[in-house]
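Proteins come first, then strands; the chains are lettered A, B, ... in the order of their sequence lines, and each starts at number 1. Quantities reported herein were computed from a predicted structural model and do not represent experimental measurements.
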Amino acid sequence: MGKAGPKSKQASPAAVSQSCEEKGWFREHGETGSGKTTQIPQYLYEAGIGRQGIIAVTQPRRVAAISLATRVSDEKRTELGKLVGYTVRFDDLTSDETRIKFLTDGMLLREAIGDPILRKYSVVILDEAHERTIHTDVLFGVVKAAQKKRKELGKLPLKVIVMSATMDVDQFSQYFNGAPVLYLEGRQHPIQVFYTKQPQSDYLQAALVSVFQIHQEAPSSQDILVFLTGQEEIEAMTKTCRDIAKHLPDGCPQMTVMPLYASLPYSQQLRVFQAAPKGCRKVILSTNIAETSITISGIKYVVDTGMVKAKKYNPEIGLEVLAVQRVSKAQAWQRTGRAGREDSGICYRLYTEDEFEKFDKMTVPEIQRCNLASVLLQLLALRIPNILTFDFMSKPSPDAIQAAIEQLDLLGAVEQKEDQLVLTPLGRKMAAFPLEPKFSKTILLSPKFHCTEEILTIVSLLSVDSVLYNPPARRDEVQSVRKKFISSEGDHLTLLNVYRAFKNVSGNKEWCKENFVNGRNMMLVSDVRAQLRDICVKLSMPMESSRSDTANIRRCLAHSLFMNAAELQPDGTYSTVNSHQLVAIHPSSVLFHCKPSCVVYNGLLHTNKCYMRDLCVVDAEWLYDAAPDYFRRKLRAAKN
DNA sequence: GAGCACTGC
């Protein structure tokens with residue numbers, strides 16, 4: 001280890017695990033492998049409940065909905081899409097015969113807009129409720145309201161089953177008026193949990209030491225999963241591990257190190273599923289994507305740094321903050337559980353037991369960490385009588401609700417009618433799009449600027465993961481090849497150029513590779529665009545192209561994003577027009593090295609600094625034209 | 001001057 005490269009100050013590899021204390025055996029909260037998700041819908045169906053209406057089972061993720069539907073239809077020995085089917089965005093495999101339907105929570109929520117009492121369904125099963133996704137949280141309220149309404153109308157009762165993998169069932173039961181609780185025994189293998197004796201000041205160093213400690217002691221067939229916080233950290237650690245692994249003493253097994261995070265191209269993500277060659281250990285360095293979304297078999301050791309990068313939302317200045325913070329206890333147990341999927345496992349927690357006791361019990365539900373504009377628009381579209389008193393299981397802060405109402409008001413989506421907040425006709429149209437309200441508004445404004453075709457493309461590009469692939473190791477190459485797409489007018493128009501070039505070569509895979517374009521995400525853009533275009537056609541919008549005229553596209557963006565404007569100051573910094581917040585251009589923007597005098601941006605993100613993301617150069621006068629009242633108010637406020 | 005956890009409609 002002494003000759004192991006740059007880290008000469010490295011602590012002895014034994015430092016961490018020798019100071020780890022064993023803390024007994026642990027049995028996960030009776031969940032994995034109990035088969036509840038596949039069996040309960042079938043029991044209900046056998047009991048005849050499926051005859052009166054469809055049994056819905058929601059999932060937070062698309063892949064889960066699809067694979068569960070596949071498994072259950074196999075078990076029923078029926079063709080997928082007949083008795084058992086699934087509905088996810090862009091993919092509906094159901095028919096008139098379907099009685100057991102798996103769907104994403106977001107999809108059921110969207111269905112509810114057209115049918116708030118969910119009349120098609122006899123049972124709604126909300127699975128993975130412990131994850132508390134924003135969609136599942138809204139669905140709690142929606143199904144509860146539907147139950148009440150159906151009772152009032154004398155219709156078939158709606159049965160609701162909430163399935164959670166953690167023990168915090170009390171609040172679920174309480175929320176549903178003291179509903180009965182059933183416990184299911186899981187089949188989790190035992191996992192030994194170790195804590196450090198001392199708090200670790202440098203969790204990266206501690207992780208590195210633990211990995212090589214395990215590597216020197218454990219049989220090479222046993223793989224290690226390390227939880228870290230983000231791409232940059234993981235890439236750096238990957239390199240360090242590989243460097244050290246090159247210089248291990250004789251007799252030490254080989255090691256293959258793999259990074260894993262969501263923005264990694266699919267082909268590289270797949271590598272974590274391949275078994276390492278004999279005599280070689282697999283070490284996976286992952287974000288929390290491996291907590292729930294990706295399950296890797298054969299993991300014997302989990303190393304948990306106890307840290308996670310998570311988003312918070314500050315409603316007062318409309319600022320998203322992305323920060324490294326402590327995981328919750330529930331999240332730590334979830335990570336630990338990843339070590340015991342096939343056999344008994346071992347988890348090293350790189351924090352003390354005292355520190356662990358101070359972690360939050362549960363992760364704060366997403367609904368309390370987000371901008372609520374989309375959720376409120378959806379609730380209003382559901383004709384919820386009063387969104388201010390909506391029965392949330394975990395209420396968002398009044399500030400967050402107020403900020404969302406203000407945002408919807410600025411977009412012209414809501415109005416007061418007889419003391420009630422209701423949607424305007426524009427707001428109702430906005431709710432038809434599966435988009436953030438500001439993007440729906442951009443589309444609905446576009447006919448005025450004769451650029452709907454271009455705006456559809458831009459909005460689609462912005463609503464999927466980045467189509468631009470930026471491998472850090474090939475930065476110079478990326479920059480030189482990307483030059484040809486760059487528009488001096490900003491990121492929106494640059495993305496439009498990339499899309500047009502992609503279409504010109506009909507999505508050629510080689511072209512994507514050469515140009516560092518993520519082909520898979522680009523295909524998704526096409527799907528999104530087609531869906532959005534369909535909605536426009538249904539709303540009878542004229543579909544026009546501005547062709548080479550980019551000024552109209554920028555005018556359209558100025559009119560929909562006027563509340564997200566910033567101006568260059570004499571000292572070279574930027575200040576937002578809305579709240580005079582000091583902001584900077586995000587390094588990922590094509591305008592990073594430029595100093596346009598006036599821009600609009602999609603959003604603010606606070607990491608090390610407060611950054612504007614996805615910028616478009618605009619004229620200051622356009623902004624004033626877009627919302628004269630708003631800017632008059634701002635001017636008055638500034639004078640006072 | 002220098003960066004972006006994870007889902008989903």
Side-chain angles (χ1 to χ4, degrees), chain A residues 58-65 87-92 103-114 128 131-139 227-236 260-264 286-294 305 307-312 320-325 327 331 334 363 366-367 369-370 374-375 377-378 381 430-437 439-440 460 463-466 468-470 472 475 479 524 527-528 531-532 535 572-574 584-589 591-595 602-614:
Chain A
T58 69
Q59 292 294 317
R61 284 167 290 280
R62 294 165 51 93
V63 275
T87 305
V88 297
R89 191 180 185 186
F90 308 125
D91 202 0
D92 180 7
L103 70 178
T104 46
D105 48 9
M107 201 68 203
L108 185 60
L109 198 53
R110 194 137 282 277
E111 283 189 8
I113 292 179
E128 309 286 3
E131 289 193 25
R132 304 296 302 273
T133 70
I134 198 161
H135 293 143
T136 297
D137 262 31
V138 177
L139 279 174
F227 284 102
L228 298 163
T229 69
Q231 172 176 349
E232 202 178 296
E233 187 176 284
I234 286 168
E235 289 292 348
L260 179 63
Y261 45 86
S263 61
L264 199 68
S286 175
T287 60
N288 45 350
I289 193 171
E291 258 172 37
T292 49
S293 305
I294 292 181
T305 58
M307 307 304 280
V308 66
K309 203 176 282 188
K311 193 154 74 178
K312 286 187 266 185
E320 289 178 341
V321 181
L322 196 59
V324 173
Q325 55 192 59
V327 296
Q331 220 173 345
Q334 177 71 27
T363 309
E366 195 184 0
I367 201 158
R369 294 184 286 124
C370 282
S374 294
V375 166
L377 188 71
Q378 272 178 318
M430 282 165 63
F433 290 93
L435 293 169
E436 277 182 56
F439 291 142
S440 313
S460 304
S463 64
V464 305
D465 285 340
S466 177
L468 305 176
Y469 174 49
N470 299 308
R475 226 179 61 179
Q479 271 183 354
L524 200 58
D527 289 345
V528 174
Q531 187 190 26
L532 300 179
I535 297 169
T573 64
Y574 282 87
I585 297 177
H586 195 278
S588 67
S589 171
L591 298 176
F592 182 53
H593 293 287
C594 311
K595 294 257 179 227
N602 286 349
L604 295 178
L605 181 75
H606 191 101
T607 50
N608 292 327
K609 260 191 201 171
C610 192
Y611 287 109
M612 303 180 275
R613 287 193 300 179
D614 301 312

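Side-chain proximity of T104(A) to dG8(B), dC4(B), dC6(B): nearest is dG8(B). Looking at the side chain of N470(A), the nearest of the listed nucleotides dC4(B), dG3(B), dA2(B) is dG3(B). Listed candidates were dG3(B), dA5(B), dG8(B). Nearest to the side chain of S588(A) is dG3(B). Among the nucleotides dG8(B), dC4(B), dC6(B), the one closest to any side-chain atom of Y611(A) is dC4(B). For P434(A), the side-chain atoms get nearest to dC9(B) when compared with the rest of dT7(B), dC9(B), dG1(B). Nearest to the side chain of L322(A), among dC4(B), dC6(B), dG8(B), sits dC4(B). Among dC9(B), dG8(B), dC6(B), the nucleotide with an atom closest to any side-chain atom of T287(A) is dC6(B).
Using a distance-only test at 3.5 Å, with no hydrogens or angles considered, no donor-acceptor pair links the side chain of T287(A) to the main chain of G230(A).
Separating the CD atom in Q378(A) from the CZ atom in R110(A) is a distance of 5.0 Å, to the nearest 0.5 Å.
Atom P of nucleotide dG3(B) and atom NZ of K609(A) are separated by 8 Å, given to the nearest angstrom. Rounded to whole Å, the distance from OH on Y469(A) to P on dC4(B) is 18 Å. Following rounding to the nearest Å, E233(A) (CD) and dC6(B) (P) show an atom-to-atom distance of 12 Å. Atom pair M612(A):CE and dA2(B):P shows a separation of 15 Å (rounding to whole Å applied). Separating the CZ atom of F439(A) from the C1' atom of dC9(B) is a distance of 14 Å, rounded to the nearest angstrom. Atom pair D527(A):CG and dC9(B):P shows a separation of 12 Å (rounding to whole Å applied). If you measure from atom NE2 of H606(A) to atom P of dA2(B), you get 13 Å, rounded to the nearest angstrom. To the nearest angstrom, P of dG8(B) lies 11 Å from CD of Q59(A).
Side chains of T292(A) and E131(A): a donor-acceptor N/O pair is absent below 3.5 angstrom, by distance only.
Within the nucleic acid shown, N608(A) comes within 4.0 Å of sugar-phosphate atoms alone, with no base atom in reach, counting heavy atoms only. R61(A) comes within contact range of the sugar-phosphate backbone alone, with a heavy-atom separation under 4.0 Å but no base atom that close. No engagement by T133(A) is indicated, since no non-hydrogen atom pair under 4.0 Å with the nucleic acid exists.
Side-chain N/O atoms of R62(A) include one lying less than 4.0 angstrom from OP1 or OP2 on dC9(B). For Y261(A) and dC6(B), the shortest distance from a side-chain N or O to OP1 or OP2 is not below 4.0 Å.
Ranked by how close their nearest DNA chain B nucleotide is to the 5' end, I289(A) and H586(A) are led by H586(A). Nearest-nucleotide positions on DNA chain B for N288(A) and T87(A) put N288(A) closer to the 5' end.
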- Message: Quick one, E436(A) with L377(A), criterion side-chain contact (heavy atoms from CB on, under 4.5 Å). Give me CA distance, side-chain angles, the key distance, then yes/no.
- Response: CA-CA 9 Å; E436(A) 277 182 56; L377(A) 188 71; over 6 Å; no
- Could you give me the CA-CA distance, side-chain angles and deciding distance for H586(A) and S588(A), then say whether side chain to side chain donor-acceptor pair (under 3.5 Å) is met? CA-CA 5 Å; H586(A) 195 278; S588(A) 67; 2.9 Å; yes
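What you find for S440(A) and L435(A) is that their closest heavy atoms are OG-CB, 3.6 Å.
Stacking between F592(A) and the base of dA2(B) is absent under the criterion of ring centres within 5.5 Å and planes under 30 degrees.
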